[in-house]
Every structure is written in C-alpha cells, then in structure tokens.
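Data first, discussion second: the structure below is written as structure tokens.
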Amino acid sequence: MRIWYSYVFLALTVVLSIRFFVDHGFWIPFLFLLFVNALCLIRERALLRKLKENQEKDRQLEYAKLAITQVGLTVVLFGLLVIVI
C-alpha cells in the first residue's frame, strides 16, 4: 500500500489547525484546509502522472520538491488568511 504525501499532509494540517478551529468556529478553517489539501492532492496527482510518463526522473527528489513548495504555499495562504480575518 502506498502512502501518498497529500494524505499525510492532510493529517498534519488538521492537527496543527485545531487551535484555529477553536478560535474561529468551524467553516473558515474547514474551507482553508479543504482548499490547501485539495491543492496538494491535485499537485501530487499531476506529479505522479509526470513521473509515470518520464521514468528517468528521481522520485524522491520530485516528492521533496512537492513537499517544500506545498509547505511554502500553505504558510503563505495561512498568513493571508490570518491577515484577512
């Protein structure tokens, strides 16, 4: 069984956002988590498709790039959400 990065990322963002749920109700954090994790899942599926087409690419390096950019995007989106709210 393959554990996809996006599912691990979903679990981590939910655990780390519990305080945000307590402070701001349910819907705002839920929509934020839904958007961020949908973005992660879409990007991971695109990466898997790209890796399937091009077998020569290093799988670990591509997943590391995905993880770093997704964490960066999440931090930026979280910062924007905090500024807006």
Taking salt bridge (Lys or Arg N to Asp or Glu O under 4.0 Å) as the cut-off, I'd like each qualifying pair that reaches into residues 76-85, sequence neighbours left out, listed once. none
Side chain to side chain contact (heavy atoms under 4.5 Å, CB included) partner of R45, chosen from I42, L48, L41: L41
Using the test side-chain contact (heavy atoms from CB on, under 4.5 Å), find all partners of L51 that sit at least two apart in sequence or belong to another chain. L47, K57, R59, E62
Residues that I68 engages under side-chain contact (heavy atoms from CB on, under 4.5 Å), provided they are two or more places apart: none
So, do R43 and L39 sit near enough that their side-chain heavy atoms are less than 4.5 Å apart? yes
